[in-house]
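Chain A is the first sequence line, chain B the second, and so forth, proteins listed ahead of strands; every chain is numbered from 1.
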2 protein chains.
Amino acid sequence: MLPESAEDFRTIWLNPDDHSVVQVIDQRKLPHDYSIHELRSWTDGVVAITEMTVRGAPLIGATAAWSLYLASLHGIAPEAEIRTAAAALLESRPTAVNLRWAVERVLARVDTASQDSDLVALTRLEAESICDEDIAICRGIGEHGLRLIEEISARKNGAPVNILTHCNAGSLATVNWGTATAPIYFAHQKGIAVHVWVDETRPRNQGSQLTAWELAANHVPHTLIVDNTGGHLMQHDKVDLVITGTDRTTRCADVANKIGTYLKALAATDNNIPFYVALPSTTIDWNSRDGILEIPIEERDPLELTETCGISNGKSICVRTVAPDTPVSNYAFDVTPARLVTGLITERGICSASEAGLLGLFPEMREI
Amino acid sequence: MLPESAEDFRTIWLNPDDHSVVQVIDQRKLPHDYSIHELRSWTDGVVAITEMTVRGAPLIGATAAWSLYLASLHGIAPEAEIRTAAAALLESRPTAVNLRWAVERVLARVDTASQDSDLVALTRLEAESICDEDIAICRGIGEHGLRLIEEISARKNGAPVNILTHCNAGSLATVNWGTATAPIYFAHQKGIAVHVWVDETRPRNQGSQLTAWELAANHVPHTLIVDNTGGHLMQHDKVDLVITGTDRTTRCADVANKIGTYLKALAATDNNIPFYVALPSTTIDWNSRDGILEIPIEERDPLELTETCGISNGKSICVRTVAPDTPVSNYAFDVTPARLVTGLITERGICSASEAGLLGLFPEMREI
């Protein structure tokens with residue numbers, strides 16, 4: 001049921017046999033069940049985003065764009081339907097930057113279209129473009145990051161390159177390839193021996209439930225560990241390279257990412273292990289400098305920590321693991337200061353984790 | 001049902017109304033259920049140790065000693081029964097150092113007893129001594145560590161002192177007071193405002209299931225966090241002090257403790273936060289120097305990581321959270337190098353984390 005190679009792996013696509021249906025991987029059921037979920041209306045798209053059938057910033061954006069395409073299929077008043085859908089999509093996850101960007105991009109095309117335009121063709125084209133561009137960006141990250149892995153592989157005479165990653169900055173968070181995982185998939189496709197240490201990533205377990213699943217689906221050797229383990233592995237020469245994703249990177253290259261990333265960066269620095277962050281340039285916040293002072297850190301529902309869901313006797317069950325009255329803090333992200341980051345892997349190339357490094361790749365941002 | 005104060009808290013005791021029964025807190029049921037488990041024979045003691053009804057090195061030792069007392073109650077051949085029990089206890093958890101130490105200590109008393117000795121009185125006295133000495137050691141750690149908390153409290157003008165701890169080096173691992181928790185309980189009893197950040201401690205969740213429970217039972221303010229969170233809290237001045245326990249400390253003060261301790265020590269160092277390790281001097285390995293090179297790190301059952309147990313609809317259930325064929329590594333401990341440790345809190349006082357520091361407190365070990 002799964003595609004044979006990473007090349008053909010997709011998280012969202014238009015059903016080739018029925019253009020009124022968009023299909024996505026149902027990520028709520030992973031890793032226990034691989035199933036395709038169908039979006040037959042824009043409201044299905046809103047629900048898929050709200051209920052985290054799809055997640056990951058780029059994929060949420062792509063799902064929003066395809067939802068507007070589904071709205072355009074409305075027989076009587078497609079433009080009004082698109083605008084209604086757009087408003088509802090923007091409400092579905094208000095803090096998702098890519099969602100807003102994708103919705104506004106499709107709306108801008110609708111706004112400037114002539115009266116007799118084919119809105120179905122137009123929104124489909126835009127959704128396809130958004131997906132194609134996301135894939136191109138991830139491919140760019142993959143090609144540039146591949147060089148790092150090739151260098152280490154050569155130094156190790158072809159012995160497996162051990163790469164540690166935290167959370168899921170993988171195919172499942174994008175349309176394909178992922179950000180942190182793209183260099184890994186490119187290396188694996190090229191026949192370079194790689195092995196990935198997958199952090200469980202408490203409290204939501206994106207590592208054990210998503211990253212481990214997609215690496216297995218793409219036949220990439222990997223081992224699951226708890227988040228506490230990375231430092232020990234690094235002390236014992238079992239990690240050659242760390243690659244993570246990021247939710248937001250400042251102009252000075254401070255990196256906000258899933259809680260716990262900072263601890264891995266400290267351990268990598270302490271053991272002289274290269275720590276790279278893979279990012280599409282769209283996640284750079286050119287207006288912010290000091291990440292620790294300026295980036296607000298979301299606190300999420302304590303239930304993420306106090307309840308764990310899984311399979312028992314073939315059934316999906318959630319169990320409470322903590323005494324009911326235990327006070328809980330659940331910070332979702334932390335900030336890794338640039339001084340702990342060896343480099344940034346972007347779609348334009350690799351640069352040092354500094355303002356100068358970033359401006360070298362993105363000179364058009366000098367005056368911002 | 002629980003005692004009113006930490007002073008009266010005990011994990012193991014002889015039933016005052018029936019001297020043929022030893023009682024322990026059933027730690028398998030925490031935090032969901034506080035219940036007393038009865039040991040009516042030495043085989044009950046073996047099972048309690050094997051099934052982790054009791055855990056924590058000092059408490060395992062105390063349980064073994066009390067099991068030999070229960071063996072001495074055998075009407076016909078008490079001495080033979082004690083020796084049979086001793087052999088079985090040593091087999092129950094072969095790597096538990098305190099268990100061997102306690103068994104050998106009781107056996108040595110039996111060996112040197114005269115033929116007409118009362119073995120019941122003798123083994124009871126020895127078990128009571130082992131418990132009393134453990135309490136005295138933990139009290140010593142508590143009194144010395146209290147000074148650190150008092151100093152921080154004074155500097156903060158009485159605002160709560162925020163202390164982060166990892167795993168359970170608490171009352172539940174000892175007979176009372178714990179090691180890392182003893183200074184906290186002493187401060188709380190003295191009316192100093194403290195607040196404890198409790199690391200969940202994956203994969204076995206000793207923090208969320210044991211430390212959070214015992215702090216609540218002793219009315220100490222605390223907040224549960226995932227293991228990924230400590231670094232973020234330290235960056236934002238929300239941690240004043242870190243105290244952990246240790247399983248083994250080398251002569252040069254490298255500290256082996258629950259996996260993930262090293263990551264917290266790195267974060268504490270990066271944020272200039274004092275990082276202390278509380279230890280009974282019995283856990284110092286005077287023959288070992290470099291902890292990273294010399295201390296073997298146990299790998300445990302992957303099930304600890306892939307299954308999570310808790311409560312669903314009032315029933316205890318274990319769920320599988322990971323795909324069945326996912327490769328897993330489960331290292332139980334890591335080593336924190338002495339350079340990251342601010343100081344060691346022992347029953348004799350506080351010293352720097354160095355050979356010189358330790359020998360200052362334990363001069364009799366100079367020639368070993």
Using 0.5 Å steps for rounding, measure from the [atom1] atom of [X] to the [atom2] atom of [Y].
{"X": "B:Q209", "Y": "B:L172", "atom1": "CD", "atom2": "CG", "value": "11.5 Å"}
{"X": "B:N218", "Y": "B:Y185", "atom1": "CG", "atom2": "OH", "value": "4.5 Å"}
{"X": "A:N168", "Y": "A:T181", "atom1": "CG", "atom2": "OG1", "value": "7.0 Å"}

Taking the side chain as every heavy atom from C-beta outward, state whether [X] and [Y] have any atom pair closer than 4.5 Å.
{"X": "A:N330", "Y": "A:P203", "value": "yes"}
{"X": "A:K258", "Y": "A:D199", "value": "no"}
{"X": "B:Y276", "Y": "B:I163", "value": "no"}

Among [options], who wins on heavy-atom pairs under 4.5 Å with chain B?
{"options": "A:K264, A:H236, A:E200, A:H166", "result": "A:E200"}
{"options": "A:D325, A:D334, A:T321", "result": "A:T321"}
{"options": "A:L215, A:T269, A:N205, A:D270", "result": "A:D270"}
{"options": "A:I311, A:V226, A:T223", "result": "A:I311"}
{"options": "A:W213, A:W197, A:Y331", "result": "A:Y331"}
{"options": "A:P324, A:S312, A:P337", "result": "A:S312"}

Heavy atoms only, distances under 4.5 angstrom: which of [options] has the most pairs with chain A? Name it, please.
{"options": "B:I317, B:L340, B:T326", "answer": "B:I317"}
{"options": "B:G230, B:P221, B:G260", "answer": "B:G260"}
{"options": "B:A267, B:S316, B:S208", "answer": "B:A267"}
{"options": "B:L293, B:I225, B:L266", "answer": "B:L266"}

Exercise for the section: Output the residues of residues 297-308 of chain B for which the shortest heavy-atom distance to chain A is under 4.5 Å, in residue-number order; output 'none' if no such residue exists. Expected result: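 When heavy atoms of chain A are the reference, residues 297-308 of chain B contributes B:I297, B:L305, B:T308 within the under-4.5 Å range.
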
Any donor-acceptor pair under 3.5 Å from [X] side chain to [Y] backbone:
{"X": "A:H188", "Y": "A:H219", "result": "yes"}
{"X": "A:E214", "Y": "A:S171", "result": "yes"}
{"X": "A:D247", "Y": "A:N257", "result": "no"}
{"X": "A:Q235", "Y": "B:I292", "result": "no"}
{"X": "A:N313", "Y": "A:K315", "result": "no"}

Can you say whether [X] sits under 4.5 Å from chain A via the side chain, the backbone, both, or neither, judging by heavy atoms?
{"X": "B:L233", "result": "side chain"}
{"X": "B:A216", "result": "neither"}
{"X": "B:D227", "result": "both"}

Practice task
Scan side-chain atoms only and decide if B:D285 and B:T250 contain a donor-acceptor pair under the 3.5 Å cut-off.
Solution key: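 Their side chains do not contain a donor-acceptor pair, so the 3.5 Å distance test is not met.
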
Handout entry: Side chain / backbone / both / neither for A:H32 at chain B, heavy atoms under 4.5 Å
Key =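 Contact with chain B: side chain only.
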
Practice task
With A:L210 as reference, evaluate A:L30, A:V198, A:T201 under the side-chain contact (heavy atoms from CB on, under 4.5 Å) test and give the passing residue.
Solution key: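 Of A:L30, A:V198, A:T201, side-chain contact (heavy atoms from CB on, under 4.5 Å) with A:L210 is met by A:L30 alone.
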
